[in-house]
Structures are given as structure tokens and as C-alpha cells.
Amino acid sequence: MPEALAVAPKDAVNGGERAPFLISGDGRHIFYYRKKDGLFVERTVHGKERVVAKGITAHAIGEEWPFVSYDGSYVVTGTSGPGLGAFVDLRKRKAMGTPEKTDAWGLAGFSPDSKRLLLNGERMVVFDRALRSRLRLKTRLAPSALAGDYTTSAVLVGKGGEYRKVRLLNLHTGRTGAVVSVKLPRGQHIDDIDFDRSGRLVVRSKTATGVAVYQLSPKTGAVKLLKEIERPKAAVWVLPDDDAYEPWTERK
């Protein structure tokens, strides 16, 4: 895709830094900063480019980064602020500011159908696409994924980068499930966790040769291998549903 920027322009805040190139989880939508004007755009493989939002530009690569919903219809930008920046509903072609007049939010995840967003701030809050609050809970836990019932969430337990335990949290009642040790192969950790559209809990884990994807039982910690993907001989690679940075993108 010669029209896509590979690195930030020299006059950008972080000139030369790798530019995000994302693929939605369903594999149908591609997102990138285009060369001719630095705008962040979306397209299908055979479709035309659509500007996501004019305020998302290559000048801020490395200072803000995009997150894409599973179906590619919603984009949120994180910032080095900290906090979040733009919220863009591509179905309605509408760009919005941060909800509840504060940018002190972190994105915990999208629901599998892309109709809800789970944000963390002073509380965990489930918002709909129009950024109306639907559910909120004050908790010290930090969920990493939201299920299709918009109430169940998954919480990683342990040290960042070395997660091998998980528990469920009910965002309506505040009740938590037992902490479960995930039975991954030795040396592997949970690098990514989410609920799929069938309600299954799925984790991705970096391996010595690439990435493994497992179905996870939140009750027993048992895993079922769904697929293994071998790392190609390339400087950079991107999998569907990746964020702007994933641990398996690095060679080492």
C-alpha cells in the first residue's frame, strides 16, 4: 500500500517513528496515515479511503495512537496526556470529544459487537456509541475486556507483562469471580484478552516463533489452542485486532 505512511514525517513531533497501520478484528477494514496529507484514513481492501477525523494527523504520531473496534466502525485515540482524545463513530461519520467533559479516561475495551465502550476513570463506566453512560461501578480493579452482555468484564491479575491469572468482574453488582491461574505453556503470558462474538474468553500470547491464540475457561483456567501464527521474516507485522503496539511485533 504505497499510499500509507510507514514512519512519521520529519516535521512531526516524533519524526521517523513508526506510523500505526491497523486492521479491524473482522479483517475487513484497514486504517493508516496517508502520505499525501498525513490524515488518518479507513478503507476496505477494495474500497475507497474515508478520512476518520481531520483532527487525527501524522504530526502527532507517537503522542497519540488509535484504537479500532472489532468491526472497524469506531475509533478512539489515546494520548500521552494521559487520557483519551477523539471518539469517532464511522457509521454516522461523527467525531466527538471526550465524554462527561473530561479527558481523564483510559480505554479498557469495546464490546464484541462494537456497541459499547468500557472506559476507566474515577469509576469504570460502560458508554454507548453516543457516549451516554449506561453502567458505572467504583472499583479498584482494572478490567481489560467487556463481554457481549455489557456487564461481565475480565480482569488480569499479577504483574504487567507477566500476566498468567484472570478473574471476572460483574460491572453491575461489583461481584468478582475467583482468581484463576491460566494454564498456558511454560514461558508464555497473557498479552491480549478479549471476549469474542460467541461470548468466549480468548487470549493471545507471544511465543518463541510468533503468536498463539487460545480459548480460555474463566472457571478452570484451561486453554484450548485455536490457532498459531508464525512470525514472518519482516521488520514489522500487524494482526487483525492489534493495537498500535503489540509485544509480538518486536523481533526480540
Side-chain angles (χ1 to χ4, degrees), residues 25-26 67 69-71 76 78 82 84 104-128 133-208 210-229 239-243 245-248:
D26 63 7
F67 302 99
S69 66
Y70 179 86
D71 66 0
V76 177
L84 299 176
W105 294 106
L107 177 67
F110 297 94
S111 61
D113 62 7
S114 304
K115 292 182 179 180
R116 295 287 189 273
L117 302 87
L118 179 60
L119 305 186
N120 56 53
E122 292 183 358
R123 286 172 167 78
M124 298 302 308
V125 185
V126 177
F127 289 98
D128 63 18
S133 171
R134 295 294 186 174
L135 186 66
R136 59 179 63 230
L137 175 70
K138 189 171 184 178
T139 175
R140 293 181 180 181
L141 300 178
S144 302
L146 178 66
D149 63 5
Y150 312 146
T151 301
T152 306
S153 62
V155 181
L156 296 175
V157 178
K159 183 179 177 181
E162 299 179 2
Y163 293 119
R164 288 181 63 92
K165 295 181 179 180
V166 67
R167 71 191 311 179
L168 297 184
L169 169 66
N170 185 305
L171 295 168
H172 178 68
T173 65
R175 293 179 180 175
T176 57
V179 175
V180 176
S181 294
V182 181
K183 299 171 184 176
L184 290 171
R186 186 173 182 177
Q188 288 183 220
H189 302 92
I190 301 173
D191 294 311
D192 199 313
I193 188 168
D194 213 343
F195 292 89
D196 68 12
R197 296 175 70 86
S198 299
R200 301 177 302 178
L201 196 55
V202 176
V203 299
R204 293 193 289 178
S205 177
K206 183 178 181 180
T207 68
V211 177
V213 183
Y214 302 92
Q215 180 182 337
L216 166 64
S217 168
K219 293 183 179 180
T220 67
V223 296
K224 176 183 177 183
L225 181 64
L226 299 178
K227 69 178 75 174
E228 288 184 285
I229 307 170
L239 295 175
D241 210 27
D242 271 359
D243 288 334
Y245 170 79
E246 299 286 0
W248 47 78

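Everything quoted here is computed from the prediction, not taken from an experiment.
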Could you check whether any side-chain heavy atom of [X] comes within less than 4.5 Å of a side-chain heavy atom of [Y], counting everything from C-beta outward?
X    : Y    : value
V211 : D192 : no
L135 : V125 : no
F195 : P218 : no
V166 : V203 : no
V182 : Y163 : no

Q: Please name the residue in the list L146, T151, V126 that meets the side-chain contact (heavy atoms from CB on, under 4.5 Å) test with S111.
A: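 Of all the options given, the one that passes is L146.
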Q) What residue among L184, V213, I190 forms side-chain contact (heavy atoms from CB on, under 4.5 Å) with V223? A) L184
Residue pair [X] / [Y]: nearest heavy atoms and the distance that separates them:
X    : Y    : value
S133 : R136 : OG-NH2, 3.2 Å
L169 : P143 : CD2-CG, 3.7 Å
K227 : I229 : CD-CD1, 4.0 Å
G106 : L84  : C-CD1, 4.0 Å
F110 : F67  : CZ-O, 4.3 Å
S153 : L118 : CB-CD2, 4.4 Å

Q.
Does this structure show an ion pair linking R197 with D71, if we count only N-O contacts that are shorter than 4.0 Å?
A. no
Q. Name the one of K115, R134, R116 that satisfies salt bridge (charged side-chain N to carboxylate O under 4.0 Å, His left out) with D128?
A. R134
Q. Quick one: does S205's side chain have a donor or acceptor within less than 3.5 Å of a partner on A212's backbone?
A. no
**Q.** Any donor-acceptor pair under 3.5 Å from N170 side chain to H172 backbone
**A.** yes
Q | Derivation and outcome, side chain to side chain contact (heavy atoms under 4.5 Å, CB included), residues D242 and W248 | A | CA-CA 10 Å; D242 271 359; W248 47 78; 3.3 Å; yes
Q: Only pairs at least two apart or in different chains count here, so list each salt bridge (Lys or Arg N to Asp or Glu O under 4.0 Å) that has a residue in residues 157-185.
A: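 Every candidate salt bridge (Lys or Arg N to Asp or Glu O under 4.0 Å) pair involving residues 157-185 fails, so no pair, neighbours aside, qualifies.
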Q: Starting from the C-alpha separation in whole Å, work towards a yes-or-no answer on side chain to side chain contact (heavy atoms under 4.5 Å, CB included) for D241 and R204.
A: CA-CA 11 Å; D241 210 27; R204 293 193 289 178; 4.3 Å; yes
Q | Interatomic spacing from NZ in K219 to CG in L168 - rounded to 0.5 Å | A | 9.5 Å
Q | side-chain hydrogen bond (donor to acceptor under 3.5 Å, both in side chains): pairs with one or both residues in residues 137-149, sequence neighbours excluded | A | D149-T152
Q) side chain to side chain contact (heavy atoms under 4.5 Å, CB included) between T176 and V155: does it pass, once the steps are laid out? A) CA-CA 9 Å; T176 57; V155 181; over 6 Å; no
